[in-house]
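The block underneath contains the structure these notes are about, expressed in structure tokens.
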Amino acid sequence: MSYLGGLFSTVFERRFARKVSSQAQGRGIKELSLDLLGATGEVSGNTLARLILDEYGDADAADKRAFFKFMLHDLEIDPEHVVDSLKQYQQAPSKRSYRAYARASEPKRQELLRRLNQVRGGTGRLVSMRKDLLQMMRDDPTLGPIDVDFQHLFASWFNRGFLVLRPINWSSPAEILEKIIAYEAVHAIDSWDDLRLRLRPSDRRCFGFFHPAMPDEPLIFVEVALTIGIPNSVQMLLADGRDPIDAEDANTAVFYSISNCQEGLAGVSFGNSLIKQVAADLSRDLSGLETFVTLSPIPGLARWLETHDAAAVKATPIDVQAARYLLEAKRGDGAPLDPVARFHLGNGAAVHAVHAGADISENGMRQSGGAMVNYLYDLSQVTTNHEHFVTEKTVAASPEVRALIASVKSGN
């Protein structure tokens, strides 16, 4: 009976879905969205959500912009209702009055996005939708409130508790490997042979965060080199023809590339959790590991040097200038000017060493004159470093790095 009941239920749902689809013919995406917000049945809701996502996917840029304008103006909060409900809650706090305030202060577009997310594949399509939104916001910042709603929802949907850490290796599905090649944002992967050199040797690892709703789409991934000692050159790490070491002989894990994969998830932080989780897993599997560092680019260094006296720059070694930039160049809020520095220092790492000639690729020379930096993740200090950075904007750095700056200031 349970089998027959399920069969009849499936047949009914399909017929009902076809009926809803038929009734929706000729209705635009705005009307369908209002229908979805008013839908009470699961089948009708899923059918409408799928139709809306299909309509959006087929729309051109002008129609997508019109849809965002509809979300901005027609699905906005009513400020007067918010104020009235807040006053009622202040006067008589209760579950009922708080619920009324919470509902009034949430724009209807948030509920629309939740209902769109309920269909199979909806999460990935909403991530793509936010990518479109971010691009349009460059020319039309008035769309910003919609992005606040996206970020609010994504922060919950992509919470660390939902993410799955998976190793990526030469045996991973080809569609995953193709995306690693496409998404690599730090050191370009030129071919399948190049990818093999990063994944197959015994002293190389790659890990990525995945979401159950997007199982074939990495959200972020990190490439790791297992070494003896701390490296000072990415060319050495990526050299074709190098001799791999046994993983058990390594004492250092080097995070040399971290790439975010989904533009639509910009601002949703995964890197902090990723690095710490990978470090913990590697420590468990390889007892000989003692040191966890990055070999990171310094993307803002060349641009910063352009604002300084050219003669002074030429007279000072690039590693010294890099140390000055990382420790002394600040934004208006007191945080480091360099985005990669903000990321790692915010995670609790410390500036450990800077190296000249560490990345002599065209991109490395253009953005930093070839200089790179090791950020040290001392697992016993990351919490303290993080707290000092967040509260006081203190940049943790090794004595050797500070000595480089002191030598310039003293004239030595």
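We count residues from 1, following the sequence as given.
Side-chain atoms of Val354 and Ile318, non-hydrogen and from C-beta on, never get closer than 4.5 Å to each other.
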Show every donor-acceptor pair shorter than 3.5 Å between a side-chain atom in residues 158-170 and any protein atom, with sequence neighbours excluded, or say none if there are none.
| from | atom 1 | to | atom 2 | distance (Å) |
| --- | --- | --- | --- | --- |
| Asn159 | OD1 | Gly161 | N | 2.7 |
| Arg160 | NH1 | Leu163 | O | 3.1 |
| Arg160 | NH2 | Gln277 | OE1 | 3.2 |
| Arg166 | NH1 | Pro215 | O | 2.9 |
| Asn169 | OD1 | Ser171 | N | 2.9 |
| Asn169 | OD1 | Ser172 | N | 3.3 |

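In terms of heavy atoms, Phe154 sits closest to Arg130 at CE1-CD, 3.7 Å. Listed here is the closest heavy atom pair of Phe150 and Leu133: CD1-CD2, 3.7 Å.
Salt-bridge check for Arg114 with Glu111: passed, with a basic side-chain N closer than 4.0 Å to an acidic carboxylate O. Salt bridge Asp84/Lys87: absent, no basic N to carboxylate O contact under 4.0 Å. Classification of Asp338 and Arg342 as a salt-bridged pair fails, no side-chain N sitting under 4.0 Å from a carboxylate O.
Within the structure, salt bridge (Lys or Arg N to Asp or Glu O under 4.0 Å) contacts touching residues 67-82 (residues at least two apart or in different chains) are Lys69-Asp140, Glu76-Arg109. Sorted by first and then second residue, the salt bridge (Lys or Arg N to Asp or Glu O under 4.0 Å) pairs with a member in residues 398-407 form an empty list; sequence neighbours excluded. Under the side chain to side chain donor-acceptor pair (under 3.5 Å) criterion, the residue pairs touching residues 202-213 are Asp203-Arg242, with sequence neighbours excluded.
Between the side chains of His355 and Asn374, a donor-acceptor pair is found at a separation under 3.5 Å.
The only member of Val395, Leu301, Val351 that meets side-chain contact (heavy atoms from CB on, under 4.5 Å) when paired with Leu326 is Val351.
The ring-ring contact (aromatic ring centres under 6.0 Å, His included) test applied to Tyr89 returns Tyr98, not counting sequence neighbours. With sequence neighbours excluded, the residues satisfying side chain to side chain contact (heavy atoms under 4.5 Å, CB included) with Ser380 are Asp378.
No donor-acceptor pair closer than 3.5 Å links the side chain of Asn251 to the backbone N or O of Leu289.
The 12-atom threshold is exceeded at CD of Gln151, counting heavy atoms of other residues, nucleotides or ligands nearer than 6.0 Å. Residue Lys330 qualifies as enclosed at atom NZ: its count of foreign heavy atoms under 6.0 Å is above 12. In Lys64, the NZ atom is crowded: over 12 heavy atoms of neighbouring residues, nucleotides or ligands sit closer than 6.0 Å.
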